[in-house]
Amino acid sequence: MTDIEIARATKLAPISVVASKMGIPQEGVESYGNHIAKIDERLIDARKVESHKLILVTSISPTKAGVGKTTVSIGLSLGLNKIGKRATVALREPSLGPCFGIKGGAAGGGYAQVLPMEKINLHFTGDFHAVTSAHNTIAALLDNYLFQHQGEGLLKEIYWKRVLDVNDRALRNVTIGQQGQGVERQTGFDITPASELMAILCLADSLEDLRRRIGNIVLGITWDSRPFTVDDLGVAGAVTALMYDAIHPNLVQTTEQTPALIHGGPFANIAHGCSSVLATKLALTFSDYVVTEAGFGADLGAEKFFDIKCRKAGLHPALSVLVVTTQGLKMHGGIPLDRIKEPNSKGLEAGFRNMDRHIRNLKSFGQTVVVAINRFAFDTDEELDLIRSHCRELGVDCALNNAFETGGEGARDLAQVVVDNIENHPSDTLHYAYADEDSITTKIEKVCKNIYGAATVTYSEKAQAQLFEMQKIFGDRMDLGRFPVCIAKTQFSFSADAKQYGSPEGFDIFIREIIVNAGSEMIVAIAGKMMRMPGLPKMPQAERIDVVNGEIVGLS
């Protein structure tokens, strides 16, 4: 059966029942139909957040098809419930970009899915549309401001672009305001998951904090060298109103009627890659164990999860799970992509270098690590034994995840290994890759050298000018020096070269551009050729999505 056929065959509980089993009071539940609800974030209990157990799921550097982190995350939460633990999974919302591009959906797979998968993968509760609308409303109001004040010379530089939740490379660079329809200028589009508003949604700890952060967004620089913000434009309240409902986390259920909180959706290769702080804290309030994931490999998602989300939200993971697949290891072992499903022990062993570096990195953050082998039908027992044996040599526990085939039963062993590790030797105090007081360049270089393995970091003339401008213009106004850094980099390699697999060393990371996100309170550094508006593949998944006999097909 396909994912969507399994999803349709699964009996769903009323969302009120799912919420009630979690202990969420009825007055905190706003239903969006029978199987989706918004939950009042004011129900968060800080004492329970501190005492309950948070588990991060991350991975080796992925293949283009991924490694199944979401399936493992959901499966682990199912497995934890199977062994008698109160567990919830907290995930990001899927973006329409990869859904219609290369992946075709991001709600798990097989018998480890979050449901209703069609709604989650498509418009869901409209959070992405709220972010897109709010972002573009700022852009429209800014361009109207420029038009209405022509000749006054107010802004010498404009940072704010527009966004769209579609992979559309043709919109990366555009000219607007032509033929007198506004002020003519060069701009472009990013994808919605790269919007600063998406990051703000995922980092805000209340509606009031959302409003404050929106007001602090820097839209451009005035001729007298001052940052021009949304507050200066006078529309922070209106933008907050557009995101009024989006701030509430979304409750759905898994294929086994266990709870899932899905909220926010920044990508980890172009943004910080984590679901919302509010959803995580809500899950921790109402569950003893919470499984969450960070996007792409541990060099991207996990680093940003620790250095940005945990640092700012005061979260302390009890353990990290590193997802591996035989395919991913063989890709990093130099096996051609069209042959990574074939047995190849030597290629598999050569790929251990990638896994080993991710394990070392996770341990450098003070994390206890468990390796989860996401099993596929073509995996051989010999190759699975090789991974187990190598993990034993490293002193790292390892377990199979077979939740795709058998749901929670297939993740029992993984769940027990995770619980045993948390009970017997949980993660140490969280260590960060850099200190708050480090300079911006020091923070960038510590991540690039200590996490990625780079030998050098170089900066374009544009990036150097942006760094100089930051210090001159922002100065003490926004305390930029204490902002964490968010590096936009390819997900397929530790380096900035998407085809440099394995565990490369001695390379240079070229920082092309540096952007101040004063609302989300981070510095975004764009490395190499990374684009914040992806393109579509030659044969996009959209060609396989259809509505047949009144039902959506092709979301798998």
Side-chain angles (χ1 to χ4, degrees), residues 14-33 35-54 77 86-93 114 120 124-131 134 197-216 236-253 258-266 272 274-292 308-317 519-521:
I15 200 64
S16 58
V17 172
V18 178
S20 178
K21 287 181 179 179
M22 287 183 74
I24 299 174
Q26 184 177 356
E27 60 269 21
V29 180
E30 181 183 359
S31 294
Y32 277 53
H35 304 120
I36 299 172
K38 287 278 189 182
I39 306 298
D40 189 341
E41 70 280 358
R42 291 173 297 181
L43 296 171
I44 291 170
D45 185 329
R47 293 169 300 176
K48 292 179 179 178
V49 169
E50 186 65 29
S51 62
H52 294 170
K53 305 296 187 291
L54 179 62
S77 75
R86 293 176 63 247
T88 296
V89 64
L91 302 171
R92 292 171 299 155
E93 300 178 45
V114 283
I120 293 168
F124 201 21
T125 56
D127 294 344
F128 267 63
H129 298 312
V131 170
L197 284 175
M198 182 66 81
I200 287 172
L201 176 69
C202 289
L203 292 170
D205 60 20
S206 65
L207 183 64
E208 293 73 25
D209 190 39
L210 180 77
R211 167 66 175 78
R212 177 189 67 83
R213 288 171 177 271
I214 290 172
N216 286 341
V239 177
T240 304
L242 281 171
M243 296 181 64
Y244 183 82
D245 289 322
I247 195 172
H248 308 309
N250 307 297
L251 177 66
V252 291
Q253 62 191 285
T258 60
L261 282 162
I262 302 181
H263 194 218
H272 79 286
C274 306
S275 61
S276 77
V277 167
L278 291 174
T280 304
K281 289 186 173 181
L282 260 177
L284 285 165
T285 295
F286 292 101
S287 300
D288 296 327
Y289 290 84
V290 172
V291 181
T292 192
I308 299 174
K309 181 175 178 177
C310 291
R311 184 196 301 260
K312 294 303 181 182
L315 295 169
H316 307 282
S520 58
E521 297 176 350

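Note: hydrogens, waters and symmetry copies are ignored here, and every other heavy atom, side chains too, is used. It should be emphasised that the depicted structure is a prediction, and the values quoted were computed from it without experimental measurement.
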* Structure fact -> Minimal heavy-atom distance between Val29 and Pro25, with the atoms involved, is CG2-O, 3.6 Å
* Asked: Side chain of Arg213, backbone of Gly519: donor and acceptor closer than 3.5 Å?
  -> yes
* **Nearest-0.5 Å distance, CG of residue Leu278 to CG of residue Leu201** => 8.0 Å
* Looking only at non-hydrogen atoms, find the nearest pair between Pro249 and Leu282 and report the distance. => CG-CD1, 3.5 Å
* Partners passing side chain to side chain contact (heavy atoms under 4.5 Å, CB included) against Ala313 (at least two apart in sequence or in another chain) -> Val277, Lys281, Leu315
* Asked: Which heavy atom of Pro259 sits nearest a heavy atom of Met22, and at what distance?
  -> CB-SD, 3.3 Å
* Roughly how far apart are Tyr244 OH and Leu210 CG, rounded to 0.5 Å? -> 11.5 Å
* Mind running salt bridge (Lys or Arg N to Asp or Glu O under 4.0 Å) on Glu521 and Arg212 for me, showing each step along the way? => CA-CA 11 Å; Glu521 297 176 350; Arg212 177 189 67 83; 3.0 Å; yes
* Ser275 vs Leu91, side chain to side chain contact (heavy atoms under 4.5 Å, CB included): CA-CA, chis, key distance, verdict -> CA-CA 6 Å; Ser275 61; Leu91 302 171; 5.8 Å; no
* **For Ser20, all residues meeting side chain to side chain contact (heavy atoms under 4.5 Å, CB included), sequence neighbours excluded** => none
* Asked: For the residue pair Leu284 and Val290, what are the closest heavy atoms and their distance?
  -> N-CG2, 3.5 Å
* Student check: side-chain heavy atoms of His272 and Leu203 closer than 4.5 Å -> yes
* **Partner set under side chain to side chain contact (heavy atoms under 4.5 Å, CB included) for Thr258, not counting sequence neighbours** => Leu78, Asn81, Thr254
* Structure fact -> CD1 of Ile36 to CD of Gln253, rounded to nearest 0.5 Å, is 10.0 Å
* Structure fact -> To the nearest 0.5 Å, atom CE of Met198 lies from atom CD of Glu93 at 7.0 Å
* All side-chain hydrogen bond (donor to acceptor under 3.5 Å, both in side chains) counterparts of Arg86, not counting sequence neighbours -> Asp288
* To do: Not counting sequence neighbours, which residues clear salt bridge (charged side-chain N to carboxylate O under 4.0 Å, His left out) with Asp245? List them please.
  => none
* To do: Side-chain contact test, heavy atoms from C-beta onward, threshold under 4.5 Å: evaluate it for His316 versus Leu54 and give yes or no.
  => no
* Asked: When rounded to the nearest 0.5 angstrom, what distance separates CD1 in Ile15 from CG in Leu251?
  -> 4.0 Å
* Asked: Within a strict 4.5 Å, meaning less than it, do heavy atoms of the Lys38 and Asp127 side chains meet?
  -> yes
* Give the minimum heavy-atom separation between Cys274 and Cys202, together with the two atoms involved. => O-SG, 3.7 Å
* Can you name the closest pair of heavy atoms from Ala134 and Leu242 and give their distance? -> CA-CD1, 3.7 Å
* **Atom NZ of Lys312: over 12 foreign heavy atoms under 6.0 Å** => yes
* To do: Measure the spacing between CZ of Phe124 and NE2 of His263 and express it to the nearest 0.5 Å.
  => 9.0 Å
* Among residues two or more places apart or on two chains, list those pairs meeting side chain to side chain donor-acceptor pair (under 3.5 Å) that have a residue in residues 40-51. => Asp40-Arg42, Glu41-His248, Asp45-Arg47
